[in-house]
S.K.: 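Here it is, the structure, as structure tokens.
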Amino acid sequence: MSLGVSPLDAERRKYRPRLPTVLARGMAGLEVEAGGPTAAVADADAIRKHFPQTFGRPLLRFRSGGPGGAAKPLRVGVVLSGGQAPGGHNVIAGILDALRGVHGESRLHGFLGGPRGIFTGQHRELTVDLVEPYRNSGGFDMIGSGRDKIETPEQLAACRATCEKLDLDALVIIGGDDSNTNAAVLAEYFLEQQLDLSVIGVPKTIDGDLKGGPVEASFGFDTASKVYGELIGNICRDAKSAGKYWHFVKLMGRSASHVTLECALRTRPNLAWIGEEVRKNELTLREIVDRTADVVRRRREAGRSYGVVLVPEGLIEFIPEMRVLIDELNALLALHAGGDAETQRRRAAEQLTAPSAAVLESLPGNIREQLLKDRDSHGNVQVSLIETESLLAAKVAERLDAWRAEGTFDGSLKAHRHFFGYEGRCAAPSNFDADYAYGLGHVAVALIARGRTGYMAALRGLTGPRGAWEPVGVPLTSLMRIERRKGRPVPVIAKALVE
Ligand code: FBP
């Protein structure tokens with residue numbers, strides 16, 4: 001065992017991911033079949049205007065058994081973008097192995113620290129020896145990640161210069177919806193510039209919200225929800241054993257509540273809020289608090305002063321009055337980012353509409369401050385920094401106190417608050433994620449070897465046996481729609497919410 005490698009890591013490294021049969025037969029004889037033209041999730045005309053070259057491309061399928069033929073070495077760059085997700089290292093291992101399957105002299109370069117590594121030209125060559133220790137491991141530490149957006153003309157030109165300097169045939173962007181939007185922008189830009197360089201996206205995010213049509217799942221979701229599920233299961237057991245605590249557990253999932261739903265189905269807590277359901281039923285914060293407090297009261301009446309409540313981290317954005325407030329704050333912060341908490345608060349009080357200003361003032365101080373923090377580079381509220389579980393626990397305690405004063409409740413709330421997020425994002429990938437991510441790396445290379453650009457690598461039929469998983473190339477523009485970001489309408493890959 002070498003320094004820094006635990007026996008568990010060493011054992012996990014020995015696992016050999018299983019490939020779909022079509023890919024296991026090798027890269028050489030893969031043939032591509034094009035389907036009919038595609039459109040977009042919504043706003044097709046606007047998306048076509050933004051992406052005149054790549055819009056409408058066909059879905060691609062692969063089959064093995066073609067004649068093969070002479071292949072040239074490929075030079076590929078890869079970047080990990082956004083939040084960590086179990087399986088990222090296996091995508092890279094899959095790309096490397098597939099590239100070597102195309103031609104032994106193919107080369108792979110990893111951009112360091114996320115998309116910034118492309119426009120600043122920070123990279124390292126990823127050789128077999130370098131990649132080996134990372135096989136089947138969690139984390140993105142092989143090359144790091146980041147949340148920079150590639151959008152300005154200078155950044156686009158700098159990306160072009162880096163790729164030309166390295167003489168790349170292709171760039172693979174492993175990321176979530178925002179990062180794959182970046183991939184679509186780069187693919188279009190390189191074509192406009194008449195540069196022969198493929199850009200391929202790979203669906204990554206523990207949030208599980210990058211899916212739709214032929215893209216059935218993002219890698220990382222399976223592992224992360226299993227890790228959180230185990231922790232929640234332990235807490236459920238502890239709650240029952242101790243018989244005196246209520247646990248409020250916030251779970252990652254910036255917008256969609258897939259992780260919370262999956263964990264709820266696995267562990268059966270006493271209550272799980274689903275953001276999308278809150279929005280559909282237009283529940284206010286007051287109603288959410290009342291319903292939660294009512295569950296606590298009814299369990300108390302049944303002799304059970306304990307329980308577990310799951311809260312998706314994006315819940316706050318689904319509550320109607322909070323949504324309006326956040327939209328107004330986003331527009332405000334896009335104009336005036338930075339400044340200390342007091343300045344931000346004063347600005348908000350002056351410029352928000354009266355109802356939103358009142359909502360903001362009704363929130364506990366820590367939540368108010370967290371809502372006023374700067375947005376990420378894509379304009380998103382950083383919901384992992386907002387203590388929604390504390391907000392709910394505090395408001396429920398207030399409500400129960402009021403009910404006790406009226407004589408309709410005779411207990412008290414002893415609450416614990418938890419946030420499960422970072423615990424699950426870098427776990428060693430489950431066998432599913434290890435196989436899926438490794439296969440996605442192969443699909444990316446299959447698309448590159450056939451000169452395709454502006455595609456997302458995908459595998460479908462994921463609930464069936466591994467051997468039957470079907471590799472496909474999905475046009476990135478077919479996954480897009482127009483949304484308001486930083487106060488203006490822009491084309492983005494649509495998030496898949498819980499239905
Ligand atoms: P991606 O969408 O980039 O995959 O990230 C998802 C996520 O893990 C969210 O669940 C969470 O809200 C966010 O990242 C946290 O961001 P950060 O890594 O910047 O703390």
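Remember, it's 1-based here, ligands and their atoms both numbered in the order they're listed. All figures in this text were calculated on a predicted structure; none of them were measured in a lab. Residue indices begin at 1 and follow the sequence shown. Computation of the quantities below employed the complete heavy-atom set of this structure, encompassing side-chain atoms and omitting hydrogens, waters and symmetry-equivalent molecules.
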S.K.: Could you find the nearest protein heavy atom to atom 7 (C) of ligand 1 and give me its residue, atom name and distance?
M.R.: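 For atom 7 (C) of ligand 1, the nearest protein heavy atom is Arg425 NH1, 3.7 Å.
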S.K.: Any side-chain donor paired with an acceptor under 3.5 Å for Ser478 and Thr38?
M.R.: no
S.K.: Where is the nearest protein heavy atom to atom 11 (C) of ligand 1: which residue, which atom, and how far?
M.R.: Glu313 OE2, 3.1 Å
S.K.: May I ask you to establish whether Arg12 and Tyr15 are in a cation-pi arrangement, using a distance under 6.0 Å from NZ or CZ to the six-membered ring centre and at most 45° from the ring axis?
M.R.: yes
S.K.: Report the nearest protein non-hydrogen atom to atom 20 (O) of ligand 1: residue, atom name, distance rounded to 0.1 Å.
M.R.: Tyr422 OH, 2.5 Å
S.K.: Hey, is the main chain of Pro312 close enough, under 3.5 Å, to the side chain of Trp273 for a donor-acceptor pair?
M.R.: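 Answer holds: no.
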S.K.: Please determine whether a side-chain nitrogen of the Lys or Arg among Arg266 and Glu262 lies less than 4.0 Å from a carboxylate oxygen of the Asp or Glu.
M.R.: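 Answer for the salt bridge query: yes.
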S.K.: Using distance alone, determine whether Met252 and ligand 1 share an N or O pair under 3.5 Å.
M.R.: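 Min N/O separation from ligand 1 is not below 3.5 Å for Met252.
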S.K.: Only heavy atoms of Gly82, strictly under 4.0 Å: list the atoms of ligand 1 that pass.
M.R.: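 Every atom of ligand 1 under 4.0 Å from some heavy atom of Gly82: 3 (O).
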S.K.: Is the Tyr436 to Phe432 ring centre distance short of 6.0 Å?
M.R.: yes
S.K.: So for Gly176, does at least one of its heavy atoms come nearer than 4.0 angstrom to any atom of ligand 1?
M.R.: no
S.K.: Which heavy atom of the protein is the closest neighbour of atom 10 (O) of ligand 1, given with residue, atom name and distance?
M.R.: Asp207 OD1, 2.6 Å
S.K.: Please state which part of Thr205 comes within less than 4.0 Å of ligand 1, counting heavy atoms only: side chain, backbone, both or neither.
M.R.: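 For Thr205, backbone and side-chain atoms both sit under 4.0 Å from ligand 1.
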S.K.: Can you check whether Val324 reaches Pro355 side chain to side chain, under 4.5 Å on heavy atoms?
M.R.: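 The answer is no, as the side chains (C-beta and beyond) never meet within the 4.5 Å cut-off.
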S.K.: Return the closest protein heavy atom for atom 2 (O) of ligand 1 as residue, atom name and distance.
M.R.: Arg254 NH2, 3.1 Å
S.K.: Which protein non-hydrogen atom lies closest to atom 16 (O) of ligand 1, naming both residue and atom, and how far is it?
M.R.: Arg147 NH2, 3.0 Å
S.K.: Should Lys204 be listed as contacting ligand 1, given a heavy-atom distance under 4.0 Å as the test?
M.R.: yes
S.K.: Out of curiosity, is Ala85 lining ligand 1, as in a heavy atom under 4.0 Å away?
M.R.: no
S.K.: Of all the atoms in ligand 1, which lie at a distance below 4.0 Å from a heavy atom belonging to Gly253?
M.R.: 10 (O)
S.K.: Looking only at side chains, do Tyr438 and Asp97 share a donor and an acceptor under 3.5 Å apart?
M.R.: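 Result is yes, a qualifying pair exists.
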S.K.: Can Arg323 and Asp327 be counted as an ion pair, charged N to O under 4.0 angstrom?
M.R.: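 Yes.
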S.K.: Short N/O distance, under 3.5 Å, between Gly83 and ligand 1?
M.R.: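 So ligand 1 has an N or O lying under 3.5 Å from an N or O of Gly83.
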S.K.: Go through the structure and list residues passing side chain to side chain contact (heavy atoms under 4.5 Å, CB included) with Thr453, not counting sequence neighbours.
M.R.: Arg57, Ala187, Leu191, Ser198, Val199
